[in-house]
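Values reported hereafter were calculated over all heavy atoms of this structure, with side chains retained and with hydrogens, waters and symmetry mates removed.
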Protein chains: 2
Amino acid sequence: MPQETNAENATVQMRKGVLEFCVLLIISKGEIYPSDIIKELKENNLIIVEGTLYPLLSRLKSLQVLEYTWIESKSGPPRKYYRLTSKGKESLKSHEKSWSNLSNSINSLIKKHE
Amino acid sequence: MPQETNAENATVQMRKGVLEFCVLLIISKGEIYPSDIIKELKENNLIIVEGTLYPLLSRLKSLQVLEYTWIESKSGPPRKYYRLTSKGKESLKSHEKSWSNLSNSINSLIKKHE
DNA sequence: TATACTACCTTGTATAGCAAGGTATTAGGC
DNA sequence: GCCTAATACCTTGCTATACAAGGTAGTATA
């Protein structure tokens with residue numbers, strides 16, 4: 001149902017803009033497969049679901065920001081282990097700048113208006 | 001055209017999730033009309049255009065987060081001066097919490113992965 | 001061999017930002 | 001008085017993307 005009025009909506013909206021950044025951050029640590037990316041995001045209070053992550057990973061793959069290798073699992077079907085390409089490392093850097101600019105802007109707005 | 005690959009896209013995406021918060025912050029300082037809201041956002045490096053702001057203000061009005069008064073201008077057509085309702089003040093508080101949670105989550109992700 | 005679990009992926013819907021274009025009021029030059 | 005510019009409000013159509021829900025397939029285990 002549309003037109004949420006409750007408080008949770010604020011959180012949801014804010015998280016949207018930074019998901020790609022968070023995913024790049026996590027992948028930058030080392031090769032990882034989607035289900036574990038979701039787990040790690042949740043541990044950091046950043047909720048995400050499969051229907052969001054898979055299209056995001058595909059998009060980043062087709063933009064040559066990410067690449068992956070199939071690796072067999074000992075406890076189930078094979079997994080796609082993702083890593084950053086060199087383009088991905090550049091992209092992460094620019095996300096980091098964006099984040100730092102954005103949080104500076106907002107923190108200064110907060111200071112001005114309290 | 002879709003599928004931006006350049007660095008600016010990161011900034012654009014991130015700003016999206018926090019626009020409502022920024023607008024509430026600015027209005028919380030005192031009555032203000034749309035064109036001046038845009039000016040103030042720009043001064044804080046948060047680009048926004050009319051086609052984004054007017055629908056946002058209407059939405060917040062219909063959710064009873066904002067209210068406005070028409071005030072005559074000495075240099076042009078009359079202006080809608082917006083202010084927060086009591087519901088709006090609550091909403092601002094929850095946005096502030098969301099912002100603080102989100103930036104904590106992300107900053108801890110950054111620390112972990114550097 | 002059937003069920004549970006893990007892992008991958010797709011489809012349809014709603015939201016929201018933006019580009020572009022439109023209407024109306026006032027001021028100022030002539 | 002009349003035309004142009006400036007200011008201010010608003011709408012339409014498009015696109016991107018997050019999510020809910022549901023689907024496919026490989027592996028383990030009872």
Can you measure A:I38 atom CD1 to C:dT6 atom P for me and round it to whole angstrom units?
13 Å

Taking the side chain as C-beta and beyond, is there a heavy-atom pair between B:P78 and B:I71 under 4.5 Å?
no

Please give, in whole Å, the distance from C:dA20 P to B:Y54 OH?
18 Å

Tell me the interatomic distance from A:L53, atom CG, to C:dC8, atom C1', rounded to whole angstroms.
11 Å

Select from A:L56 and A:E72 the residue whose nearest nucleotide in DNA chain D is closer to the 5' end of that strand.
A:L56

Atom CG of A:L19 to atom P of C:dT15: distance rounded to whole Å?
18 Å

State whether the number of non-hydrogen atoms from other residues, nucleotides or ligands found under 6.0 Å of B:K112 atom NZ is greater than 12.
yes

NA contact type, A:S35, heavy-atom cut-off 4.0 Å: base, sugar-phosphate, or nothing?
sugar-phosphate

From C-beta outward on B:P77, which listed nucleotide comes closest to its side chain: D:dC19, D:dT7, C:dA7?
D:dT7

So does B:Y33 get a side-chain nitrogen or oxygen closer than 4.0 Å to the phosphate oxygens (OP1/OP2) of D:dA8?
yes

Please give, in whole Å, the distance from D:dC10 P to B:L60 CG?
14 Å

Assign A:E50 to base, sugar-phosphate, or nothing according to its heavy-atom contacts below 4.0 angstrom with the strands shown.
base

Between D:dA18 atom P and A:F21 atom CZ, what is the distance in whole Å?
15 Å

If you measure from the Lys or Arg side-chain nitrogens to the Asp or Glu carboxylate oxygens, is any gap between B:K93 and B:E90 under 4.0 Å?
yes

Is the distance from OP1 or OP2 of D:dA28 to the nearest side-chain N or O of A:S75 less than 4.0 Å?
no

Contact under 4.0 Å: A:Q13 side-chain N or O vs C:dT15 OP1/OP2
no

Provide, to the nearest angstrom, the distance between the NZ atom belonging to A:K16 and the P atom belonging to C:dA14.
13 Å

Between B:E40 and B:K29, is there a side-chain N and carboxylate O pair less than 4.0 Å apart?
yes

Reckon B:R59 has a side-chain N or O less than 4.0 Å from the OP1 or OP2 of C:dA16?
yes

Whole angstroms only, please: what is the NZ-C1' distance between A:K80 and D:dG26?
15 Å

Along DNA chain C (nearest heavy atom to each residue), the more 5'-positioned of B:I47 and B:G76
B:I47

May I ask you to decide if the ring planes of A:Y81 and A:Y33 are parallel, tilted or perpendicular, using 30° and 60° as cut-offs?
tilted

Could you check A:P78 against A:V49 and say which one's nearest nucleotide on DNA chain D is further toward the 5' end?
A:V49

